[in-house]
**Q** 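Structure below; questions to follow.
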Amino acid sequence: MEILIRNKVIEAIKTLYGQDVDENQVQVQTTRKEFTGDKTVVVFPFLRFSKKSAEQTAEEIGNILVNTIEVLSEFNIVKGFLNLVIDKGYWINQFNTAAAEEKYGFKAPDEQSELVMIEYSSPNTNKPLHLGHIRNNLLGYSVSEIMKANGNKVVKTNIVNDRGIHICKSMLAWKRLGNGETPESSGKKGDHLVGEYYVKFDQLYKKEIADLIAGGLSEEAAKEQAPIINEAREMLRLWEANDAATRDLWQRMNRWVYTGFDETYKTLGVNFDKIYYESDTYTVGRDEVLRGVKEGIFEQMDDSSVWANLENDGLDRKILLRSDGTSVYMTQDIGTAKIRYSDFPIDHMIYVVGNEQIYHFQVLSLLLDKLGYKWGKDLYHFSYGMVELPQGRMKSREGTVVDADDLVAGMVDVARKVSEELGKLDNYTNEEKERIYRMVALGALKYFILKVDPKKTMLFNPEESIDFNGNTGPFIQYTYARIQSVLRKAADAGIEISTHTPEIELNDKESALIKILVTFPEVVKEAGQNHSPALVANFVYELVKEFNQFYHDFTIMNEPDVEIRKFRLLLAKTIGQTIKNGFLLLGIEVPERM
RNA sequence: GGCCCAAUAGCUCAAUUGGAUAGAGCAACAGCCUUCUAAGCUGUAGGUUUCUGGUUCGAUCCCAGAUUGGGUCACCA
């Protein structure tokens, strides 16, 4: 519709003033609520063609539009804004289209669809997931769903950083202090158990540093020479040298972590199509780096460490292999990228990784390019903002980290408490109740995180639990449940819901609802272009807010006019469907009752 | 210090990517359940969009500078 108007405006200006205007000079937007009309054309940019007043220009263009666009019957002018009124029939038509499709707004993939690979989550296996990972996982999953809804083929992938100095730290501490403790023996979740030893390592390390400083060493030297850190380094070297005992312990502890992660992923409702492990990919990366050395792309120093010099590209020097031959993060990422492109015909590669790694991905992109991979430059770093606490950034060493499992469990408790107070689920079984508590708790958490612009830093206050009223997930879930309740009542009463609405008179709320509803396909598209679940969240909220007003002001079941009642039922059903579909894109479930 | 990013109501976030009188929720206050689920609805109050300039018909949005906060510049990931 907007495109049609835009083209007609261009034609109008051509006939009126004999000038060609550029397409993006014509602004067509939805009319603001406080004015009458549906679409608004801003005429200010055309004044230099018309050489007339804004009102006159708008009048002239408006007359032509009304004559050339069938569904346009009237217009009004406020200053330089030409407000166009679109016929009711058009909206009813649009609504019927929306009502007829279960997946309204979604585009199904076909043979020509592009393949988008999305990497997200990508945890280290030395500690459990925290709030920062939650934002990553929710964004990654949601963006994947949004890309699918835009007709792409999507491969969700996870690169598990299961190797490196950080894992060795946990292993070392466990060896020293663990006394053979296992998840089974202690009843602790595996990832939490391993995480505890990571913290213990840090404590031992700090103590050694303090002792060395007391003995007269500088802080820098102390950090470098502490026996325990050297032992960890030696462990990493042994690991890369395939030392059997080291590998055994590593495998054992990683397995504990995976069991724990799987549980967390399951509660979060995220999943992956293809999982890569750094322990498999880093050697490919190392070979690539060594090839780079041979081809003169990278340089090897006397101590045999390997560097990339990116100073000509405006960046720094970057290490790719340590002097003891072990690999770093970047080495692995090179290998992983290569393997992925040979495994899949990737058209777009999206890395969901925090904005603290912007520099890392600039470098990675450049390195891949230098290694001769034409897709190196194409990788897209979906860089999202951090989650901050009122005190600032989360710091694992200071114990301010909000653990993912604890957070979810806490949310479920709150949901249970609220729900029990309201007592609406009293005739449900305990399993059904628990299922809904979880659904609501996760709805609150996910919506809270996904409704904010991914690029922005966001704040989470653990002191105040996430709200269930207002602009929240549960509010939207509640509206959905209400709609289902009405639909159940209709079904019980044997009232059939029409599948097609004739041209009836609409009240203000009804037409407002339809006008919001039919923007959904555009919202899905924009959310895909901008990689922004927040756009979907905002849309659903707007829709639901409007629906609740409608629900309050008008009755559905008690409407005496049969035609109108049938229409309202269909409207409610379609809105319910759209809420569900929108939330599907966010990875949030909706309950039939709550 | 170099580079990058942000700053909107007391708090958490929006603002159709340069358009009309900057909107929601929370918190505060005042109302609405004999009626399809009150996790709802209505109203009141709350703003020099950090500051100073510039660009233009028009700036929260673009440019320059300043202030504040954050990130990053590792043989960490």
Side-chain angles (χ1 to χ4, degrees), chain A residues 2 27-35 40 42 44-45 47-48 54 78-81 83 122 124 126 161 164-166 169 224 233 278 301 303 305-307 314-316 318-324 326 328-330 332-333 354-360 362 383 385-386 388 390 392-393 415 418-419 421-422 424 440 444 448 451-453 455-461 464 467-479 481-490 519 522-523 526 530 534-535 537-538 541-542 545 548-549 551-559 568-569 572 593-594:
Chain A
E2 293 195 2
Q27 297 174 54
V28 185
Q29 51 198 252
T30 7
T31 306
R32 286 191 161 234
K33 254 197 251 157
E34 56 269 38
F35 302 95
T40 295
V42 187
F44 291 113
L47 300 189
R48 59 197 181 93
V78 183
K79 290 190 241 171
F81 298 92
N83 300 321
S122 307
N124 294 347
N126 61 323
N161 301 116
I165 191 77
H166 48 286
K169 290 177 180 176
E224 192 52 39
R233 287 186 186 126
E278 179 179 355
M301 313 307 285
D303 65 3
S305 60
V306 176
W307 295 77
L315 302 173
D316 275 320
K318 190 81 192 174
I319 189 151
L320 300 175
L321 286 175
R322 297 188 185 99
S323 54
D324 63 4
T326 58
V328 293
Y329 182 45
M330 189 64 78
Q332 168 269 120
D333 256 342
N355 64 12
E356 77 243 338
Q357 293 193 32
I358 289 175
Y359 182 72
H360 172 83
Q362 280 175 359
S383 117
M386 334 203 69
E388 282 188 357
R393 196 179 181 175
V418 172
S419 182
E421 276 169 19
L422 293 168
K424 292 180 183 176
V440 172
F448 179 83
K451 78 169 175 177
V452 332
D453 182 346
K455 289 195 285 289
K456 291 193 174 173
T457 304
M458 65 174 290
L459 192 126
F460 176 81
N461 189 348
E464 311 165 7
D467 253 296
F468 284 30
N469 301 321
N471 186 0
T472 67
F475 165 69
I476 291 164
Q477 289 171 319
Y478 172 73
T479 307
R482 267 177 152 183
I483 290 173
Q484 301 318 305
S485 174
V486 175
L487 295 178
R488 275 194 302 271
K489 287 231 155 63
T519 61
E522 186 61 23
V523 170
E526 270 179 38
N530 298 323
L535 297 178
N538 291 343
Y541 177 64
E542 285 302 319
K545 202 172 141 61
N548 275 312
Q549 290 170 16
Y551 182 90
H552 180 267
D553 294 349
F554 299 95
T555 176
I556 299 172
M557 288 297 289
N558 296 326
E559 168 59 41
R568 286 185 184 163
L569 278 168
R593 233 183 269 248
M594 70 182 268

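Chain A is the first sequence line, chain B the second, and so forth, proteins listed ahead of strands; every chain is numbered from 1.
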**Q** Does the protein touch nucleotides 9-15 of chain B at the base, only the backbone, or not at all? Give it as B, S and - per nucleotide, heavy atoms under 4.0 Å.
**A** ---SSS-
**Q** Once you round it to whole Å, what is the distance between P of C73(B) and OH of Y359(A)?
**A**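 It works out to 8 Å between those atoms.
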**Q** When the distance from CG of D316(A) to P of C4(B) is rounded to whole Å, what number comes out?
**A**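 Answer to the nearest Å: 14 Å.
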**Q** Between F460(A) and F448(A), is there a side-chain heavy-atom distance shorter than 4.5 Å?
**A**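 The answer is yes, as the side chains (C-beta and beyond) meet within the 4.5 Å cut-off.
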**Q** Can a donor-acceptor pair be found, under 3.5 Å and without considering hydrogens, that links the side chain of T519(A) to the backbone of E522(A)?
**A**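 Checking the backbone N and O of E522(A) against the side chain of T519(A), no donor-acceptor pair under 3.5 Å is found.
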**Q** Checking one value: the base orientation of C33(B), syn if chi is within 90 degrees of 0, otherwise anti.
**A** syn
**Q** Measure from CG on L47(A) to P on G58(B) and round the result to the nearest Å.
**A** 12 Å
**Q** Just by distance, with hydrogens left out, do T40(A) and N83(A) show a side-chain donor and acceptor under 3.5 Å apart?
**A**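 Yes.
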**Q** Which one, A77(B), C41(B), G71(B), comes nearest to the side chain of Q357(A)?
**A**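 Ranking A77(B), C41(B), G71(B) by closest atom to the Q357(A) side chain puts A77(B) first.
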**Q** Within the 4.0 Å heavy-atom criterion, would you say Y329(A) contacts the bases, only the backbone, or no part of the nucleic acid?
**A**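 Answer is base: heavy atoms of Y329(A) come under 4.0 Å of a base.
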**Q** Give the B/S/- string for nucleotides 33-38 of chain B, one per nucleotide from 5' to 3', where a protein heavy atom under 4.0 Å of the base yields B, of only the sugar-phosphate yields S, and otherwise -.
**A** --SBBS
**Q** Touch check for K455(A), heavy atoms < 4.0 angstrom, all strands: base, sugar-phosphate only, or nothing?
**A**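 K455(A): no heavy atom of the nucleic acid under 4.0 Å.
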**Q** Just N and O in the side chain of Q549(A): are any of them under 4.0 Å from OP1 or OP2 of U42(B)?
**A** yes
**Q** Using the side chain to side chain contact (heavy atoms under 4.5 Å, CB included) criterion, which residues pair with N530(A)? Sequence neighbours excluded.
**A** E526(A), S532(A), L535(A)
**Q** Would you write the dot-bracket representation of RNA chain B, where each base gets (, ), [, ], | or . depending on whether it forms a Watson-Crick or G-U pair under 3.5 Å and with which partner?
**A** (((((((..((((.....[...)))).(((((.......))))).....(((((..]....))))))))))))....
**Q** Between A24(B) atom P and F475(A) atom CZ, what is the distance in whole Å?
**A** 13 Å
**Q** When you measure from the side-chain N and O atoms of R393(A) to the phosphate of G71(B), is any distance below 4.0 Å, counting only OP1 and OP2?
**A**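 So the side chain of R393(A) is within the cut-off, an N or O lying under 4.0 Å from OP1 or OP2 of G71(B).
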**Q** Would you please name every residue forming a ring pair (Phe, Tyr, Trp, His ring centres under 6.0 Å) with F468(A), sequence neighbours left out?
**A** none
**Q** Can you list everything that forms a side chain to side chain contact (heavy atoms under 4.5 Å, CB included) with E464(A)? Sequence neighbours excluded, please.
**A** N461(A)
**Q** Of the listed nucleotides (U17(B), A20(B), C41(B)), which one gets closest to any side-chain atom of F81(A)?
**A**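 That would be A20(B).
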**Q** I165(A) CD1 to A77(B) P: how many Å, rounded?
**A**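 Answer to the nearest Å: 8 Å.
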**Q** So, does N124(A) use its side chain to make a donor-acceptor pair with the main chain of N126(A) at under 3.5 Å?
**A** no
**Q** Has the side chain of T472(A) got a donor or acceptor atom sitting under 3.5 Å from an opposite partner on the base of A39(B)?
**A** no
**Q** How many whole angstroms separate atom CD of Q477(A) from atom P of G40(B)?
**A** 12 Å
**Q** Taking the chi torsion of U72(B), is it syn (within 90° of 0) or anti (everything else)?
**A**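 Anti for U72(B); the angle lies over 90° from 0.
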**Q** Taking CG from N355(A) and P from A6(B), how many angstroms apart are they, rounded to a whole number?
**A** 10 Å
**Q** Tell me which nucleotide among U21(B), C76(B), G25(B) gets nearest to the side chain of K79(A).
**A**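 Comparing U21(B), C76(B), G25(B) against the side chain of K79(A), the answer is U21(B).
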**Q** Write down the distance between NZ (K318(A)) and P (A74(B)), rounded to a whole number of angstrom.
**A** 7 Å
**Q** Choose from G70(B), G19(B), G40(B) the nucleotide whose nearest atom is closest to any side-chain atom of E388(A).
**A** G70(B)
**Q** Going by the angle between their ring planes, with limits at 30° and 60°, are Y329(A) and H360(A) parallel, tilted or perpendicular?
**A** parallel
**Q** Tell me whether the side-chain N or O atoms of N83(A) pair up with the base of A20(B) as donor and acceptor below 3.5 Å, since no angle test is needed here.
**A**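 Result: at least one qualifying N/O pair found.
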**Q** Checking contacts here: which listed nucleotide (A77(B), A24(B), G71(B)) is nearest the side-chain heavy atoms of M386(A)?
**A** G71(B)
